[in-house]
There are 2 protein chains.
Amino acid sequence: APPPEGTAPGFVLARGVCRGLIDLGFAPICEFVPARGLRADVFALGPKGEIWIVECKSGLPDFRSDRKWPGYLDWCERFFFAVDGAFPAEVLPEDQGLMRADGFGAEILRSPAPRPMAAARRKAMTLKAARVGAMRLRAALDPGLSALSGV
Amino acid sequence: APPPEGTAPGFVLARGVCRGLIDLGFAPICEFVPARGLRADVFALGPKGEIWIVECKSGLPDFRSDRKWPGYLDWCERFFFAVDGAFPAEVLPEDQGLMRADGFGAEILRSPAPRPMAAARRKAMTLKAARVGAMRLRAALDPGLSALSGV
């Protein structure tokens with residue numbers, strides 16, 4: 001099924017990015033906060049604990065106005081921009097990753113060399129992702145929960 | 001709201017256990033498989049990465065027929081049984097934890113001493129929980145996903 005009508009372009013891309021990541025064996029979490037002031041569109045954990053971050057750019061203005069993306073580099077091993085087929089991909093930094101996405105999927109066009117991550121940070125991010133994912137899942141399964149616990 | 005009518009007693013307890021764990025700052029995942037042949041009713045990650053497992057017992061026959069619970073001890077730092085107010089708690093092993101639960105919440109009546117867990121196993125369990133939680137959450141948010149990826 002297509003994304004619900006009226007879904008913001010960034011969310012449409014994020015859905016496709018998540019599907020594409022799952023195809024690659026990665027488990028994605030949207031709107032993940034690695035550190036105060038940052039909110040990654042898609043954070044993903046690979047089978048061996050690899051950490052990727054994907055920022056979805058719905059158009060050139062969205063990319064040009066984004067001053068935050070370099071801040072994500074310290075919080076992942078590979079960083080990707082995800083854009084649709086109309087986006088002028090040549091403006092994107094060549095040393096970062098690139099995915100072509102739509103609402104139904106995504107594929108990697110360029111994969112950057114992985115940057116090393118300190119073991120302590122990797123451990124902390126994995127635990128945070130586990131706890132955030134589990135809490136959001138519980139909130140989805142037990143609608144009474146939000147009111148009770150402010151999850 | 002009460003659990004949906006017809007919900008199996010074990011699931012009613014599990015809902016309350018999850019709520020109780022969240023009150024304690026733990027992030028719970030139901031039906032978690034730490035290793036082949038095991039399926040924990042509730043697996044939970046604490047703020048510092050503590051790993052707990054809770055088995056919900058709806059009644060004495062459910063406990064008496066369970067030959068698997070000692071298998072969970074190697075996969076957590078603390079193991080709890082969760083039972084309702086009618087359960088004869090004195091039959092439960094005193095060196096394991098005990099929670100009193102209903103569909104709305106749970107409280108700890110007895111907390112066992114934590115067993116040490118090897119760092120490699122803790123790391124593997126945390127990653128597995130993160131990936132399982134993220135995949136289930138995506139499947140809940142993107143109904144088209146299951147058909148596509150067999151999640």
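In what follows, every chain begins at residue 1, and chains take the letters A, B, ... in the order their sequences are listed.
Placement of A/Phe79 and A/Phe63 within a single hydrophobic cluster is found when ILVMFWY residues are connected by side-chain heavy-atom separations under 4.5 Å, directly or transitively. A/Val83 and A/Val91 fall within the same hydrophobic cluster, where Ile, Leu, Val, Met, Phe, Trp and Tyr residues are linked whenever their side-chain heavy atoms come under 4.5 Å apart, directly or through other members. A/Met99 is not connected to A/Leu13 by any chain of hydrophobic side-chain contacts under 4.5 Å among Ile, Leu, Val, Met, Phe, Trp and Tyr, and they are in different clusters. Both A/Leu73 and A/Phe81 sit in one connected hydrophobic cluster of ILVMFWY residues. Membership requires side-chain heavy atoms under 4.5 Å apart, directly or through other members. A single hydrophobic cluster is seen to contain both B/Met125 and B/Val132, as judged by linkage of ILVMFWY side chains at heavy-atom distances under 4.5 Å, directly or through other members.
When each of B/Ala27, B/Ala140, B/Gly105 is checked for heavy-atom pairs under 4.5 Å with chain A, B/Ala27 comes out on top. Residue with the most contacts toward chain A among B/Ala129, B/Cys18, B/Pro47: B/Pro47 (heavy-atom pairs, distance under 4.5 Å).
Residue B/Phe11 places its CZ atom among 12 or fewer non-hydrogen atoms of other residues, nucleotides or ligands, all under 6.0 Å distant.
Here the CZ atom belonging to A/Arg122 is positioned 9.5 Å from the CG atom belonging to B/Leu127, to the nearest 0.5 angstrom. Here the OG1-NZ distance, from A/Thr126 to B/Lys123, works out to 8.0 Å after rounding to the nearest 0.5 Å. The CD1 atom of A/Ile22 sits 6.5 Å away from atom CZ of B/Arg138, with the distance rounded to the nearest 0.5 Å.
Neither the backbone nor the side chain of B/Lys128 comes within contact range of chain A, judged by heavy atoms closer than 4.5 Å. Using a 4.5 Å cut-off between heavy atoms, B/Phe43 does not touch chain A at all.
With B/Arg131 contributing its side chain and A/Leu45 its backbone, the two residues share a donor-acceptor pair below 3.5 Å. Listed for the A/Arg15 side chain is no donor-acceptor partner under 3.5 Å among the backbone atoms of B/Asp142.
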